[in-house]
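One structure is given here, and the rest of the page talks about it.
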Amino acid sequence: MSDSEIMEAAKDFAAIIQRSDTYQKYLIKREEIKKQPELYDKVNEYRQKNYDLQNESDSDDLFDRMEAFEREYSKFRENPLVEGFLKAELAFCRMMQDVNVLLAAEIDFE
């Protein structure tokens, strides 16, 4: 199989992912929250702070900072639009992680 055939198969696989229930739910939830631009901006701020916390190399007080972060945003997360979007996003991310793990496991690549 040629590289171009592999790329074509990857495009086909991407289309299958786009038709998945998990991705479709994510799209619906994303569109719902984008209808409220200020709320969507706050969600993006939350996501960025969460990402930054999880990727910091200084882990001495990470647990305390994560707890403070969760307390700071607990009321925000009670909003059904926010929680619905974040849950749908997490489900999609986990599905993509599972796909990547499966591909890595199936291919002999060290």
Side-chain angles (χ1 to χ4, degrees):
M1 180 177 261
S2 71
D3 288 355
S4 63
E5 290 172 315
I6 291 170
M7 295 310 289
E8 195 58 39
K11 286 180 186 178
D12 292 344
F13 183 54
I16 291 168
I17 290 171
Q18 290 172 330
R19 291 191 304 269
S20 73
D21 292 341
T22 302
Y23 184 69
Q24 290 299 310
K25 183 174 183 178
Y26 163 73
L27 290 178
I28 289 167
K29 296 296 183 180
R30 186 180 70 185
E31 289 309 308
E32 286 175 0
I33 203 158
K34 278 186 164 185
K35 290 178 183 174
Q36 296 185 32
E38 288 179 16
L39 186 60
Y40 186 61
D41 288 345
K42 188 138 174 100
V43 165
N44 285 329
E45 175 187 306
Y46 169 87
R47 292 158 77 205
Q48 185 63 52
K49 284 184 179 180
N50 190 24
Y51 176 84
D52 292 344
L53 269 174
Q54 291 181 22
N55 290 288
E56 286 182 9
S57 58
D58 181 22
S59 61
D60 292 339
D61 64 343
L62 181 60
F63 183 75
D64 293 336
R65 287 182 298 163
M66 285 299 292
E67 279 189 338
F69 174 76
E70 290 301 322
R71 278 192 308 274
E72 178 185 351
Y73 282 95
S74 65
K75 190 75 172 165
F76 175 69
R77 295 278 314 250
E78 290 176 9
N79 182 318
L81 277 176
V82 170
E83 190 63 14
F85 170 74
L86 292 173
K87 281 185 176 181
E89 179 184 56
L90 179 60
F92 177 63
C93 288
R94 285 190 176 149
M95 182 184 78
M96 293 303 296
Q97 287 173 338
D98 291 345
V99 165
N100 286 327
V101 168
L102 177 80
L103 285 172
E106 291 295 319
I107 298 171
D108 185 18
F109 181 70
E110 295 179 11

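- Hydrophobic clustering (ILVMFWY, side-chain heavy atoms < 4.5 Å, transitive): Phe85 and Met96 are in one cluster.
- Just one of Glu78, Glu72, Arg71 meets the side-chain contact (heavy atoms from CB on, under 4.5 Å) condition when paired with Lys75; it is Glu78.
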Worked check of side-chain contact (heavy atoms from CB on, under 4.5 Å) between Glu67 and Glu70
CA-CA 5 Å; Glu67 279 189 338; Glu70 290 301 322; 5.8 Å; no
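- Rounded to the nearest 0.5 Å, atoms OH (Tyr26) and CD (Gln18) are 12.0 Å apart.
- Counting only distance, with no hydrogens or angles, the side chain of Asn50 and the backbone of Tyr46 share no donor-acceptor pair below 3.5 Å.
- Side-chain atoms of Lys49 and Leu53, non-hydrogen and from C-beta on, never get closer than 4.5 Å to each other.
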Residue pair Glu38, Lys42: steps toward the salt bridge (Lys or Arg N to Asp or Glu O under 4.0 Å) verdict:
CA-CA 6 Å; Glu38 288 179 16; Lys42 188 138 174 100; over 6 Å; no
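- Interatomic distance, Lys29 NZ to Glu83 CD, rounded to the nearest 0.5 Å: 10.5 Å.
- In terms of heavy atoms, Arg77 sits closest to Val82 at CA-CG1, 4.3 Å.
- Counting heavy atoms of neighbouring residues, nucleotides and ligands inside a 6.0 Å radius, atom CG of Asp21 does not exceed 12 of them.
- If you chain together hydrophobic residues whose side chains sit under 4.5 Å apart, Leu27 and Leu39 fall into the same group.
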Please report the C-alpha distance between Leu86 and Glu89 in whole Å, then the side-chain angles of each, then the deciding distance to 0.1 Å, and finally whether the side-chain contact (heavy atoms from CB on, under 4.5 Å) criterion is met.
CA-CA 5 Å; Leu86 292 173; Glu89 179 184 56; 3.9 Å; yes
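- Here the CD1 atom belonging to Ile6 is positioned 12.0 Å from the CD atom belonging to Glu8, to the nearest 0.5 angstrom.
- Using a 4.5 Å cut-off between side-chain heavy atoms of Ile, Leu, Val, Met, Phe, Trp and Tyr, with links allowed through other members, Ile33 and Phe76 fall into the same hydrophobic cluster.
- Heavy-atom neighbours of Asp3 CG from other residues, nucleotides or ligands within 6.0 Å: at or below the threshold of 12.
- We find the CD-CG distance between Gln97 and Leu102 to be 13.5 Å, quoted to the nearest 0.5 Å.
- For the 3.5 Å distance criterion, the side chains of Ser20 and Thr22 fail to qualify, holding no donor opposite an acceptor.
- Between the OH atom in Tyr51 and the CD atom in Glu56 there is a gap of 11.5 Å [rounded to 0.5 Å].
- Ring geometry, Tyr23 versus Phe92: the interplanar angle falls from 30° to 60°, so the pair is classed tilted.
- Both Ile17 and Leu103 sit in one connected hydrophobic cluster of ILVMFWY residues. Membership requires side-chain heavy atoms under 4.5 Å apart, directly or through other members.
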Evaluate the side-chain contact (heavy atoms from CB on, under 4.5 Å) criterion for residues Leu90 and Lys87: first the C-alpha distance (whole Å), next the side-chain angles of each, then the deciding distance (0.1 Å), finally the verdict.
CA-CA 5 Å; Leu90 179 60; Lys87 281 185 176 181; 5.7 Å; no
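- Residue Arg47 qualifies as enclosed at atom CZ: its count of foreign heavy atoms under 6.0 Å is above 12.
- Using a 30° and 60° split on the angle between ring planes, Phe69 and Tyr73 fall in the tilted class, from 30° to 60°.
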